[in-house]
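One structure is given below, encoded as structure tokens.
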Amino acid sequence: MTDDDRIKLEASWKQALREEFEKPYMGELREFLRQEHAAGKEIYPPGPLIFNALNSTPLDNVKVVILGQDPYHGPNQAHGLCFSVQPGVPAPPSLVNIYKELKRDLNIDIPNHGYLQSWADQGVLMLNTTLTVERANAASHAGKGWQHFTDKIIETVSAHQPHLVFLLWGAHAQSKKKLIDATKHKILTSVHPSPLSAYKGFLGCGHFGMANKFLEQNGLTPIEWRLPEQV
């Protein structure tokens with residue numbers, strides 16, 4: 001996203017989002033990130049991983065959309081997929097609760113890592129609505145322009161695909177419901193899986209099994225939510 005980072009964007013997304021990159025807000029966002037780097041601030045995720053959600057899950061492959069808010073702001077955590085952390089990093093509390101619900105819902109054993117790349121590779125678009133953050137400064141890049149870009153992504157995938165499942169956990173994710181065509185997609189909502197709210201309805205929501213049932217009903221291969229063992 002900065003002049004120094006030669007970001008490569010997967011072809012189908014590049015085509016779909018081409019006009020967004022020409023809009024004034026994107027120029028302002030580029031300049032903001034350039035200045036942050038120039039000031040010596042550490043930005044997560046690393047430049048080549050900012051668009052990892054799009055690069056991992058081409059537009060035609062999307063089956064499920066999980067919306068997060070902004071990237072983890074600790075060292076070596078964020079890698080461009082919401083809720084996921086890089087290999088070797090312990091699963092953060094919200095992800096631990098996601099694993100608890102997977103165990104309850106589908107009897108999937110809780111893994112010993114927090115790397116969700118295999119979900120993205122199967123068609124789960126794991127999108128944060130803000131794509132960058134300053135180290136140790138949560139939500140520091142919210143309101144800087146990313147929201148326009150990620151709103152466009154949500155609208156694009158809703159229009160492009162015939163039968164998607166959207167998992168909207170928490171008020172922020174649910175605020176994006178207006179961008180989704182509810183006449184053709186399955187929208188599942190609950191409180192956020194964070195420790196502050198998970199026991200008020202996330203644990204017990206059954207979203208993973210419901211998502212797979214909807215995919216199968218529409219002739220699509222279900223998601224294998226069981227993660228590979230960490231290598």
Side-chain angles (χ1 to χ4, degrees), residues 45 52-54 56-57 62-74 77-85 89-106 108 110-111 113-120 122-131 133 138-139 141-142 146-147 149-151 153-155 157-158 161 163-182 185-215 222-227:
N52 191 27
L54 302 180
S56 296
T57 314
V62 180
K63 297 177 180 178
V64 178
V65 179
I66 300 178
L67 289 183
Q69 197 154 352
D70 69 332
Y72 295 122
H73 55 266
Q77 287 184 304
H79 66 111
L81 304 182
C82 67
F83 293 105
S84 180
V85 289
V89 178
S94 292
L95 182 53
V96 169
N97 285 329
I98 290 170
Y99 288 164
K100 286 179 182 175
E101 176 55 20
L102 271 170
K103 175 66 174 172
R104 191 208 62 80
D105 187 13
L106 299 175
I108 289 174
I110 293 176
H113 64 88
Y115 188 57
L116 307 181
Q117 184 71 43
S118 75
W119 293 359
Q122 295 177 72
V124 183
L125 179 64
M126 305 181 66
L127 184 68
N128 281 313
T129 56
T130 298
L131 297 187
V133 70
H141 293 184
W146 280 127
Q147 70 277 10
F149 185 68
T150 54
D151 280 0
I153 292 169
I154 297 165
E155 289 177 340
V157 75
S158 171
Q161 293 292 78
H163 307 292
L164 295 175
V165 181
F166 285 84
L167 303 181
L168 307 182
W169 300 330
H172 177 77
Q174 288 166 34
S175 73
K176 305 299 181 179
K177 198 188 292 190
K178 62 185 181 292
L179 305 171
I180 302 163
D181 184 348
H185 302 307
K186 182 85 165 174
I187 302 173
L188 300 174
T189 61
S190 85
V191 297
H192 195 275
S194 91
L196 299 174
S197 56
Y199 289 92
K200 298 173 185 171
F202 178 79
L203 296 171
C205 69
H207 283 183
F208 301 101
M210 290 162 72
N212 277 352
K213 184 176 180 184
F214 180 80
L215 293 176
I223 303 299
E224 174 51 83
W225 295 107
R226 189 183 305 276
L227 293 163

Problem set entry | Steps toward side-chain contact (heavy atoms from CB on, under 4.5 Å) verdict (Leu116, Val124) | CA-CA 10 Å; Leu116 307 181; Val124 183; over 6 Å; no
Please tell me if the side chains of [X] and [Y] come closer than 4.5 Å, counting only heavy atoms from C-beta onward.
{"X": "Val64", "Y": "Trp119", "value": "no"}
{"X": "Glu101", "Y": "Arg104", "value": "yes"}
{"X": "Pro111", "Y": "Tyr99", "value": "yes"}
{"X": "Asp70", "Y": "His141", "value": "no"}
{"X": "Pro71", "Y": "Cys82", "value": "no"}

[X] side chain vs [Y] backbone, donor-acceptor pair below 3.5 Å:
{"X": "His185", "Y": "Ser158", "answer": "yes"}
{"X": "Gln69", "Y": "Asn128", "answer": "no"}
{"X": "Asn97", "Y": "Pro193", "answer": "yes"}
{"X": "Gln122", "Y": "Glu224", "answer": "yes"}
{"X": "Thr130", "Y": "Trp146", "answer": "no"}
{"X": "Gln174", "Y": "Ser190", "answer": "yes"}
{"X": "Thr150", "Y": "Thr129", "answer": "yes"}
{"X": "Glu155", "Y": "Ile180", "answer": "no"}
{"X": "Asn212", "Y": "Pro222", "answer": "no"}

Interatomic distance, [X] atom [atom1] to [Y] atom [atom2] [nearest 0.5 angstrom]:
{"X": "Leu95", "Y": "Tyr72", "atom1": "CG", "atom2": "OH", "value": "5.5 Å"}
{"X": "Cys205", "Y": "Ile98", "atom1": "SG", "atom2": "CD1", "value": "9.5 Å"}
{"X": "Asp181", "Y": "Gln161", "atom1": "CG", "atom2": "CD", "value": "13.0 Å"}
{"X": "Ile110", "Y": "Leu102", "atom1": "CD1", "atom2": "CG", "value": "9.0 Å"}
{"X": "Asp105", "Y": "Phe208", "atom1": "CG", "atom2": "CZ", "value": "7.5 Å"}
{"X": "Leu54", "Y": "Leu131", "atom1": "CG", "atom2": "CG", "value": "7.5 Å"}

Problem set entry | Derivation of the side-chain contact (heavy atoms from CB on, under 4.5 Å) call for Tyr115 and His79 | CA-CA 9 Å; Tyr115 188 57; His79 66 111; 3.4 Å; yes
Exercise. So Val165 and Leu188, side-chain contact (heavy atoms from CB on, under 4.5 Å) or not? Walk me through it.
Worked result: CA-CA 7 Å; Val165 181; Leu188 300 174; 4.0 Å; yes
Problem set entry | From CA spacing to verdict: side-chain contact (heavy atoms from CB on, under 4.5 Å), Gln117, Asn52 | CA-CA 10 Å; Gln117 184 71 43; Asn52 191 27; 3.5 Å; yes
For this session: Applying ring pair (Phe, Tyr, Trp, His ring centres under 6.0 Å), run through His192 and Phe83 and close with a yes or a no.
Result: CA-CA 11 Å; His192 195 275; Phe83 293 105; 5.6 Å; yes
Problem set entry | Whether over 12 other heavy atoms sit under 6.0 Å from Lys213 NZ |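 Counting neighbours around NZ of Lys213, 12 or fewer heavy atoms of other residues, nucleotides or ligands fall under 6.0 Å, so no.
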For this session: Tell me, yes or no, whether the heavy-atom count around Lys63 atom NZ, taken from other residues, nucleotides or ligands under 6.0 Å, exceeds 12.
Result: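 Yes.
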For this session: Could you label the plane-to-plane angle of the His207 and Trp169 rings as parallel, tilted or perpendicular, counting under 30° as parallel and over 60° as perpendicular?
Result: parallel
Exercise. Taking all non-hydrogen atoms of both residues, which atom of Val96 and which atom of Ala91 are closest, and how far apart?
Worked result: CG2-O, 3.6 Å
